[in-house]
Enquirer: 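Handing you this structure, nothing more for now.
In what follows, chains are A, B, ... by sequence order, proteins preceding strands, each numbered from 1.
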Amino acid sequence: MTGELQLLLILLVPMLGALAVLAASPLPNVREGVSFVIGILLFLLVASLAADLSWDAPPTLVLAEPIQGLQLVLTPEPLGVLFALIASLLWPITTIYAMGYMRDHHEVNQTRFFTAFAVSIGSAMGIAMAGNMLTLFVFYEILSVATYPLVTHRGSVEAKRAGRLYLGLLMATSIGFMLPAMIWTWHLTGTLTFTPGGIFGPEVSSGVLSLLLLLFVLGTGKAALMPFHRWLPAAMVAPTPVSALLHAVAVVKAGVFTVLKVAVYLFGIDTLASIAAADVLMVLAGFTILMASVIALRKDNLKARLAYSTISQLSYIVLGAMLGVAAGAVGAGMHIAMHAFGKITLFFCAGAILVTAHKSRVSELNGIGRRMPWTMAAFAVGAVSMIGAPPVAGFISKWYLLMGSLDASHWFAVGVIVVSTALNTAYFMPIVYAAFFKPEDAPAISGQDDHDHPDHGEASWPMRGALMLTATLAILVFFFPGVPLALVQQMAGL
Amino acid sequence: MLDAAILAVLVTMVLALVRAFQGPSVYDRILAANLFGTKTVLLIALGGYALQWHSFLDIALLYALVNFVGTIAVMRFFEYGSDTEEADNGGAR
Amino acid sequence: MDHLAVLVVIVPLMSAPVCVLLDRSRPAWLTSLVAAWFSFGAAVMLLLRVSAEGPLRYSLGGWEAPWGIEFRIDVLGGYVLLIVTAVAALVMVFARHSVEQEIPHDRIARFYAALLLVFAGLAGITVTGDAFNLFVFLEISSLASYAAISMGRDRRALSASFQYLVMGTIGATFILIGIGMLYMMTGTLNMIDLAARLPEVSDSRTVRAGFAFLTVGIGLKLALFPLHLWLPNAYAYAPSTVTAFLAATATKVAVYALLRFVLEIFGVEFSLHAMPLDRILVFLGLLGILSGSLVAVFQRDLKRMLAYSSVAQIGYMVLGIGLASVTGVTAAILHVFNHALMKGALFLALGAVAYRVGAVTLREFAGMGQRLPWTTAAIVLGGLSLIGVPPTAGFVSKWYLVLGTLEQGLWLVAMLVLFGSLLALIYVWKLVEAAYFKPPPANAAAVAEAPLSMLVPVWTLVAANIYFGLYTDVSVGLASRVAHDLVGGGG
Amino acid sequence: MSGLPGLYNYWIAVFLMMAGFYVVISQGNLVKKLVGLSLFQTSVFIFYISMGKVADGHAPILAEGVTVYSNPLPHVLILTAIVVGVATTAVGLALVVRINEAYGSVEEDEIQARDNAADKATGRSGGSGESPRT
Amino acid sequence: MVLLAFLVLIALAAIRMRDLFIVVMLFSVYSLMTAALFMDLDAVDVAFTEAAVGAGVTGVLMLSTLRLTGRWERRPSHGPLLPLIVVGITGAALIYGTLDAPLLGDPAAPVQQHVAPRYIEQGPVEVGMPNMVTAVLASYRGFDTFGETFVIFTAGIAVLLLLGIQEGPETRPGRTAIGDQLVLRVVVKMVIPLILLYALYVQFHGDFGAGGGFQAGVILATAFVLYDLVFGEGDARLVVPPSWLHRLGALGVLLYGAVGLYALFAGKPFLDYSALAHDPVHGQHLGVLLVELGVGITVFSIVLAIFYALSGRRKAS
Amino acid sequence: MLLLEILSGFCLLVGGFLCVTGGIGLLRLPDFFSRVHAAGLTETLAAPLLLAGIMLQMPWSLDLLKVLFIMILVLATNPTATHAMAKAALHGGQEPQIGNGNGQGETSSKA
Amino acid sequence: MRYVVAAIFLAVFWIALSGHYTPLLLSLGAVSVVVSIWLVYRMDRVDGEPNRLTPSAGLFGYLAWLLWCVIKSNVDVARRIWSPSLPVRPVWARLETEVETPLEKTLYANSITLTPGTLTTDVRDDHFLVHALNQEDIDELRGGEMQRRIRRLGI
């Protein structure tokens, strides 16, 4: 199989999968089976691509040429492959989880759900493999649109409001900032191809570069950098599998992935170091990390707390990207991978708790560890990963980030990382503690909670299996970080 | 002579126009307009002859015709009774 | 082969009286269909030939230009002609059921005749090489469109049509005055001849005034921002077929006329530099974009919403012309094409909805995603193109437009253009939300999807929207070629 | 009169055009608007015909002993334009008749008012902020 | 000059009057005056048409509309300021534009120089008819006239779409001012044959003098309009049934087109009449005759159809 | 020839005079019906006189016949139109102003 | 027969108008006359009021007489109009008539109207309503000279 064909298949498989799901809409089992099989297939494809890829002469697939001289082109590169690997690995797992979740939760419009899901993954693949900024932008926008029905899935007033905010913010930033930045870049350089070392020549003044960088990074609404972070908590009204895969992995990672790509391949790490705006953005990222952590601390709703945690974690990546040193970029790239395993586990847990125990608040979780030991154990693993303590995945990336900060002698960044670690601990550990060690609360005033299941046990097998799998992965990666690390270092040119 | 005649026709046209603007009744105006039309026919005939216009007589013939048809049309589509509205509307101006 | 140039107009034109003679709905439809497809085929062949061999001149009556009237098809004309004929061909397929439902049965044949006349008039404008002949075709199409619009079922169609008639006639008369002044100074009506003779007299006040009148007149037909008042009602209350056809073609042809006169006949140097038209166009274009989009946001009748959106889209085109650069003009011409695709798709789809449901306000649209899944999906895709979401055609034109503004360093303008896109996002999204996330009205009867003859044109256009968002060799290639011809390398 | 020097002819034509134009845009009665439109167009015809006139020329019909003819081309154009004018007026009148049947009025303001009232009644008012006038 | 003064006076009066009946009448008079002015400016054919159309047809159509819509205009509720400004600007622009215009009657004006001399010098030779206007109209710019015919046809379609024609005889009209006037009937009956023949004369003598298909069609229609006015629409519709009209109109247009297509099939450009006969000039002559006939038929039937449609409409109760 | 010219001049002068007279009458006379008479004045004699005036000047050609036709047309149609107008005015509520005293107008016969 | 007369009349009319006597135009003229007659025939069939006026010596005699009347009354009216005191005393009277056929009535009524000073305002079965500038005009009409002459025409 040639590389081009593989690339094409990587894009086509989820898209065709979406059609297959649509076609199988009357038969739920077939539909979900299709979903799952396609997920596996996709992962195998990505893995095989990654396995026999030569970085010197990557395959290039030209899809179209919407602008004269500017093609829609897919070219794998290390970071993208990493992103694709993670997304495609987690997709089948999420599908398993979703089967359990959606059925137990008696969701409607499941066909729409699985279809949009497949399209979203497909566009995430497109983002990952994008060979130039235009391609990335195209899939970025498709991803925004495709995830919209997932956010508004429930159709309630709240969901619609969230959907509006979601789409509005993402579209507004991308069309309002990223698109002009892109066009300006095109105007200045005549290319948008991702090139190691950047595309800007010396003739472009640093002021312009600063402005462009600001536009690019702020235009990436999916990176949830403050003040454009509001969509993420709002999007939590979506069903949990969505939150788990998309808002912990695909969508937000697409955002930070974009930032990283822009930083590394459009500006170049070295150029970045000389741009004033990079520092501004770094400060902004640091602020976001701290602010989001503080907010997370005050959120009682579990998914909201996780969402703010995500915002905070995403900004690590931005921070790393903006450091302007190779180690920072490596840390950022690693964090894309590492955060994914931890956060998806956490979301899986939150969903499992919601479906099984009908609890969504942190304050209700006292003693739940005894009823749902596996779930809460996985939760603990995820939490540790978030904090960045060994022996879980999060440690590795944080390590590199810290190294990068030190490398660049950015004491502000170092401080942010240290303080935020403390904050992370502060908002995750009490949950774990309460779940296992606090006594269970008496049921609230009866009658009010008709749907409460005081005698619930562990979550159903698909959910439990999925979340345990991801927790295990989070630990495994800590011990065998070879593949992602190699990829990221390749990217950073180390 | 011819010039004098043309002048006379023009003067008559002015007078007709004055009547048409003054009214007071709609019939006066119709009458004046009709007269004006007839005078135009004469004007074309005389003036055309004086200035040696080409085929001016065809046109004069046509004008005479149009003038007649126009007047008939006014009468035909002018329904009784609507004239009383004039009072309600406080004059035709 | 040569005769195709004239047949492309004559066939639909002469089919109109044939329709009247047939006087029965089915044969009339068939005649229209055949005529439209014939024209489409002819337009394709003409464009191929013209782009390969250069402009084609055809002297009508055997009298060489400037004495006789000539048809002159160049790439620009062929391009717009192709748009017009393609839309006509699709609309005619669509029309059969829609017209049978919306038009009283005994008038269908005449309605088709009117539709054909609109079509032939528009096609004629694009091919003629004579300024006055352009006026004649303009009037054929305008008169027929007044009638066609007035056939809408709402009584407001009548007042809208009247308003259009008054403003359109003022516009046409202004054009007539403008042509008269040009003729006065040059003694010719042939466009090429005019272009050759105008520079000698271009600093006379008469030519300047003529220029102003032509521009304002075309602006009226174009529904350029402050002169757009006729458009929303006319589009909103016309029969679906008519709305779709007019929205996709009429203003495009007016843009063509603007390009032809402003850039070719007067020349860039005169129009955009000696006269301050560039700034005026940019300013009005922006105002049009913003006001049109803003008003569209508050509309609840979907046809009205899209009509206001058309005002905004015209703003984009005019803005592009006003940029007076190759990129800007490319963007304008490209948007002519793309907008025809998206508005054609959207209005046809709304027509399909109207065919099944009746009215198309936001309220009726609730739950449409379940009731008419295919049609609604088409509307959503068309809407995405309207916003300019990649990979749709709308994105490509917006790209070039913003590129054009940035080339000139017009930062604010670029931002406002993109802001317009966001407004489009708002109104399109109101529609999407209603369609998918609101339950259908309780008393809504179960409806079947629109017949295939309506869905196929709709989806053809939707597919074209996506195709031309990805593969732009044809659309952008031709547009930029035309822009180079018009503006010249230096621009 | 044909010896009239200069541009007065044009100026008066312009004045007449503007008179017609004024009627079109200022009057609310639809029939009067149409009359104004016709006035406007007719005056434009004067403008055109004026430019074709040659001093001491004759009507462009071949005649013996005549060497100077006025330009026939404006005449041809205006013949066409007259037809266009009458066609427009006819369509406009037909529309007025239909409007009168549908609304019971041919006054622009009243039609507007009735539309607005109908909008309110059905609750379909679409924020028609701009009232189309002119 | 006097004519122009008349025109100004009439136009001003038309603005001020609020009795629409009078306004329409003044408009007819205005048209008539314009036509006289056209005569003075050597535009015989135009004067002919303007008189027949502006004063005749347009006036009659407007009057028949007024019958349905009422005579009185309401006082406009808007101030005249904005329109005045718009008009002022437009007028100023026009005046500005005329400042550099060639003087009236200047034989050296560009208008007289470029294209026109060929029409004047060659027209009678190439097309073979003394009336250069007809030569230009029907041959040099025959395609414009083809379009013009379609314009009128379109108007017919439009009016028929909007109003339709009530078929068959109706009851006699109500109490109109003409009522049942004997004198009128007799005189009209005497005049009509003359009008008919005159119309046909105009039709066939367009080559030589003022006139042509369009004018002839209008005059012919006028004859029937007159008949309708005096004898009532029931009778008129029996003489010329409405169902003929739109077909005739279509046939007229098609006749014109067919002449063009014949040339096209003969391998010449569309509307090249020289293909019609061996001798090109003869062909031109024949072609002009035929297309003028087509124009005449179309104009006659469409004008009459429009009149039927408007006048046959009953007042909404 | 001279005779013709004198005759023609006479016709034109008298015609012109009558024409103006009619116009004056149109202005001076008190009510609609009287004005009709004045209008008739200009049409019945003035028009033929004027036309005859140019006929007399013209060289012999078919144009003479045309002038004759115009004359006949004017003479045939104008009284008819005037008559129709008068009748309409009568029915439209125009009261003829009746001279004081000696006219015993039978206004009661109004339809 | 009527139509033949009419056709001849129209043919003369055509020849007078035309002035071109090529075979083509003459044949077109013939066609035109036929078409006109055909249309008139259709009208006659519909309204049942065919036109019977045929030119005759008597008619011309009458017209000559009428012309004399017209001249007389013209002078009279002109004199009144120019007279500073405006000596008009309009009257409106009923004029008993004995004419019968429509054509006679038309001719009579139009003749009355044609002579300035008198004006037919309504035509009834057995009387006209006549408006006159002065009583004398009415009196003259009542003298019946005009009516007699018209009846003598026998149309």
Side-chain angles (χ1 to χ4, degrees), chain D residues 1-2 4 6-7 9-12 14 16 18-19 21-23 25-29 31-32 35 38-39 42 46 49-55 57-62 69-73 75-76 78-80 82-84 86-87 89-91 93-98 100-101 106-107 109, chain E residues 1 4 7 11 15 20 23 27 34 38 40-46 49-50 53-54 57-58 61 65 68-69 73-74 76-77 80 83 86-87 91 94-95 98 103-105 107 111-112 116 119-120 124 130-133 136-137 141 144 148 151-152 155 158-159 162-163 209 306 310 313 316:
Chain D
M1 192 176 345
S2 23
L4 190 75
L7 302 164
N9 230 6
Y10 295 134
W11 291 349
I12 291 177
V14 167
L16 294 173
M18 290 308 108
F21 191 35
Y22 175 77
V23 173
I25 61 179
S26 71
Q27 307 285 319
N29 186 293
V31 179
K32 191 146 184 195
V35 175
S38 299
L39 273 178
T42 309
I46 301 179
I49 296 296
S50 299
M51 72 172 92
K53 170 76 181 169
V54 176
H58 284 78
I61 296 172
L62 200 65
Y69 296 101
S70 284
N71 186 349
L73 186 53
H75 304 177
V76 173
I78 289 315
L79 278 178
T80 307
I82 290 177
V83 177
V84 169
V86 69
T89 310
V91 177
L93 289 173
L95 272 170
V96 168
V97 168
R98 285 287 306 274
N100 189 49
E101 285 168 7
V106 290
E107 296 287 337
D109 304 342
Chain E
M1 201 64 220
L4 286 171
L7 286 174
I15 294 179
L20 292 171
V23 171
F27 171 72
T34 321
F38 290 158
D40 187 51
L41 294 170
D42 296 341
V44 184
D45 285 85
V46 181
T49 315
E50 179 64 32
V53 171
V57 172
T58 313
L61 293 182
T65 309
L68 298 168
T69 60
E73 181 197 14
R74 290 202 326 168
S77 57
V86 173
V87 167
L94 273 169
I95 299 279
T98 58
L103 300 185
L104 183 68
V111 176
Q112 324 295 359
Y119 295 143
I120 294 171
N131 188 348
M132 300 158 206
V133 176
V136 177
L137 181 89
R141 296 185 67 89
D144 258 358
E148 169 193 337
V151 168
I152 199 84
V159 173
L162 277 163
L163 298 177
I306 293 174
L310 276 172
R313 205 76 179 173

Enquirer: Given that the side chain runs from C-beta out, which part of D/Val31 has a heavy atom under 4.5 Å from chain E: side chain, backbone, both or neither?
Expert: side chain
Enquirer: For the candidates E/Pro124, E/Gly91, E/Ala11, which exhibits the highest count of non-hydrogen atom pairs separated by less than 4.5 Å from chain D?
Expert: E/Gly91
Enquirer: Minimum heavy-atom separation for E/Leu163 and D/Arg98, please, with both atom names.
Expert: CD2-CG, 3.7 Å
Enquirer: First locate atom CG of D/Leu93, then atom CG of E/Leu310, and finally report the distance between them rounded to the nearest 0.5 Å.
Expert: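 Taking CG in D/Leu93 and CG in E/Leu310, the distance rounds to 6.0 Å.
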Enquirer: At a heavy-atom separation under 4.5 Å, does D/Thr89 approach chain E through its side chain, its backbone, both, or neither?
Expert: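 Contact with chain E: side chain only.
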Enquirer: Go through the atoms of D/Ile78 and report whether side chain, backbone, both or neither lie under 4.5 Å from a heavy atom of chain E.
Expert: side chain
Enquirer: Among E/Leu94, E/Ile152, E/Val133, which has the most heavy-atom pairs under 4.5 Å with chain D?
Expert: E/Val133
Enquirer: Can you measure from CG (E/Asp42) to CD1 (D/Ile61) and round to the nearest 0.5 angstrom?
Expert: 10.0 Å
Enquirer: So how far is it from E/Met132 CE to D/Leu73 CG, rounded to the nearest 0.5 Å?
Expert: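 Nearest 0.5 Å value for the CE-CG distance: 13.0 Å.
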Enquirer: Using a 4.5 angstrom heavy-atom cutoff, name the option from E/Val44, E/Ile306, E/Val53, E/Val57 with the most pairs to chain D.
Expert: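 Looking at each of E/Val44, E/Ile306, E/Val53, E/Val57 in turn, E/Val53 comes out on top.
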Enquirer: Is the closest side-chain heavy-atom distance between D/Leu16 and E/Thr34 below 4.5 Å?
Expert: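 D/Leu16 does not reach E/Thr34 side chain to side chain.
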Enquirer: Measure the shortest side-chain to side-chain distance between D/Pro72 and E/Ile120 over non-hydrogen atoms and say whether it is less than 4.5 angstrom.
Expert: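 SC-SC contact between D/Pro72 and E/Ile120 confirmed.
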Enquirer: Locate the shortest heavy-atom distance separating E/Leu162 from D/Val91; write the atom from each residue and the value.
Expert: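 Minimum heavy-atom contact is CD1-O, 4.1 Å.
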Enquirer: If we ignore hydrogens and angles and just use 3.5 Å, is the side chain of E/Asp45 paired with the main-chain N or O of D/Leu79 as donor and acceptor?
Expert: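 No.
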Enquirer: Looking only at heavy atoms and a cut-off of under 4.5 Å, which of D/Leu95, D/Leu39, D/Val23 has the most pairs with chain E?
Expert: D/Leu39
Enquirer: Checking heavy atoms, do the side chain of E/Leu61, its backbone, both or neither come under 4.5 Å from chain D?
Expert: both
Enquirer: Please give me the minimum heavy-atom distance between E/Val87 and D/Tyr22, naming the atom from each residue.
Expert: CG2-CA, 3.6 Å
Enquirer: Checking D/Val35 against chain E: side chain, backbone, both or neither under 4.5 Å from a heavy atom?
Expert: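 Both the backbone and the side chain of D/Val35 come within 4.5 Å of chain E.
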Enquirer: Please classify the contact of D/Val106 with chain E as side chain, backbone, both or neither, using a heavy-atom distance under 4.5 Å.
Expert: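 Side chain only.
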